[in-house]
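Notes to accompany the following structure.
All heavy atoms count here, side chains included; hydrogens, waters and symmetry mates do not. Nothing here was measured: the structure is a model prediction, and the numbers come from that model.
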Amino acid sequence: WGKYDDLKENIDSESIYVYKPSDGYAGKGITFESGDSILKKTRELDQVEYSSWVVQEFIMPKLYNKRKTHFRVLSLFVVQPSGKIQAYMYKNMRMFSAKDEFSLERLHDPSDDKTLMLMTNINVTYQKFISDPNNEGEYFDWKRYLMDVESALGKEEYMVIHSKMMELHEAIYSTIGNHLKCHKTDVSIYSKSCYHIIASDVAMNDKNEARLLETNISMDMKRIWSSREINEFTGEAAYLMDLPESPYDHRTESDVWSRVFNSDEENDKENDKETFSKSESDRHILYILLLLFIILLILVCCIFRCFMCL
């Protein structure tokens with residue numbers, strides 16, 4: 001919501017909120033608290049380390065393996081010389097799970113440290129793990145908290161989530177669309193286009209609806225995807241970028257990237273509607289002219305017969 005001074009007008013004292021620094025990273029500074037607790041904090045928070053804060057209403061999560069989860073989705077935006085933008089989504093999504101199973105009782109317990117139940121950031125999970133003396137010398141299994149969606153949930157559930165994430169791309173585009181510019185060093189010498197790969201964090205709520213949490217213009221991909229996958233999707237992104245711009249290019253499909261939309265498609269639909277309306281109007285005029293011609297022909301025939309009778 002932006003400035004802290006605006007919170008009082010927007011917060012419900014009994015609801016649970018996510019309170020996080022807008023310029024933070026790796027889960028640092030994030031807390032889960034009631035609206036009343038946030039209002040009471042006022043200025044005692046560390047305003048030096050973080051210049052501004054964001055408050056998000058807590059999304060009651062859809063649980064996977066009884067745990068709160070969020071998904072990391074990669075979006076590819078190809079910016080063409082005309083300004084038209086083609087959007088794609090990387091098919092191999094990742095899911096991040098909390099360490100502890102989710103519990104409503106713990107959620108509403110103000111004395112409970114809910115970090116490992118609510119935080120799905122693997123950096124936070126890792127730091128908690130190594131700071132626990134009971135885990136000294138133990139191996140931290142990243143694969144337990146960072147998983148490939150299809151491998152973890154199966155093909156059927158993956159297809160449901162994939163569809164939900166595809167639908168969410170209009171919101172992702174509206175969030176970062178103004179930042180999608182081509183810099184001289186990024187432009188392809190073949191097509192004069194460029195591309196951007198954006199990472200978004202998305203959560204599924206208890207109504208099975210996808211909710212965009214945040215978008216990241218810069219990120220460390222090596223901790224989430226393998227070198228093979230990175231080479232695969234960046235190589236395919238370069239291929240899609242290098243295609244010459246034409247009315248048919250936005251139909252191009254990829255084995256790596258799912259095509260989401262083209263920024264001109266809505267305009268194309270409107271133009272199609274206008275063209276259809278115009279053709280319908282022209283057709284009606286043609287029918288009227290044809291009818292008038294038939295009437296005129298009948299009149300001429302009648303006049304001719306009358307003349308012959310005389």
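Two residues are said to be in side-chain contact when any heavy atoms from C-beta on lie closer than 4.5 Å; Ile295 and Leu291 meet this criterion. By the 4.5 Å heavy-atom criterion applied to side chains, Val79 and His196 are counted as neighbours. When side chains are defined from C-beta on, Met60 counts as touching Leu107, because their heavy atoms get closer than 4.5 Å. A heavy-atom distance below 4.5 Å is not found between the side chains of Leu74 and Ile198.
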- Item | Stepwise side chain to side chain contact (heavy atoms under 4.5 Å, CB included) test for Met95 and Tyr64 | CA-CA 10 Å; Met95 60 184 289; Tyr64 295 93; 4.1 Å; yes

- Message: Using side chain to side chain contact (heavy atoms under 4.5 Å, CB included), reason through Met204 and Lys164 one step at a time and then give a plain yes or no.
- Response: CA-CA 9 Å; Met204 299 293 291; Lys164 299 285 185 182; 3.9 Å; yes

- Where do Gln86 and Gln80 land on the side chain to side chain contact (heavy atoms under 4.5 Å, CB included) test, with the steps shown first? CA-CA 8 Å; Gln86 301 176 29; Gln80 297 185 319; 2.6 Å; yes

- Determine, step by step, whether Phe233 and Asn92 satisfy the side chain to side chain contact (heavy atoms under 4.5 Å, CB included) criterion, reporting the C-alpha distance in whole Å, the side-chain angles of both residues, the deciding distance to 0.1 Å, and the verdict. CA-CA 10 Å; Phe233 66 66; Asn92 293 343; over 6 Å; no

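A donor-acceptor contact shorter than 3.5 Å links the side chain of Thr234 to the backbone of Ile230.
Annotation: Lys114, atom NZ; neighbour count of heavy atoms from other residues, nucleotides and ligands within 6.0 Å is above 12.
Of the residues Arg72, Arg94, Lys91, the one that meets the salt bridge (Lys or Arg N to Asp or Glu O under 4.0 Å) test with Asp148 is Arg94. Put simply, the residue from Asn208, Val73, Val149 that forms a side chain to side chain contact (heavy atoms under 4.5 Å, CB included) with Ile161 is Val149. Paired with Trp257 under the rule ring pair (Phe, Tyr, Trp, His ring centres under 6.0 Å), one option of Phe77, Tyr239, Tyr90 passes, and it is Tyr90.
Cluster annotation: Val18 is connected to Leu104 through the hydrophobic network of ILVMFWY side chains, with a link wherever side-chain heavy atoms come within less than 4.5 Å. Transitive grouping of hydrophobic side chains (ILVMFWY, heavy atoms separated by less than 4.5 Å) keeps Leu168 and Ile59 in distinct clusters.
Residues Tyr195 and Tyr88 place their aromatic rings such that the two centres sit no closer than 6.0 Å. Ring centers of Tyr173 and His169: at least 6.0 Å apart, outside the cut-off.
Using a cutoff of 4.0 Å between basic side-chain nitrogens and carboxylate oxygens, Asp112 and Arg106 are scored as salt-bridged.
Looking at residues two or more places apart in sequence or on another chain, you find a salt bridge (charged side-chain N to carboxylate O under 4.0 Å, His left out) between Glu214 and Lys20.
Here CE of Met117 is found 9.0 Å from NZ of Lys68. Values are rounded to the nearest 0.5 Å.
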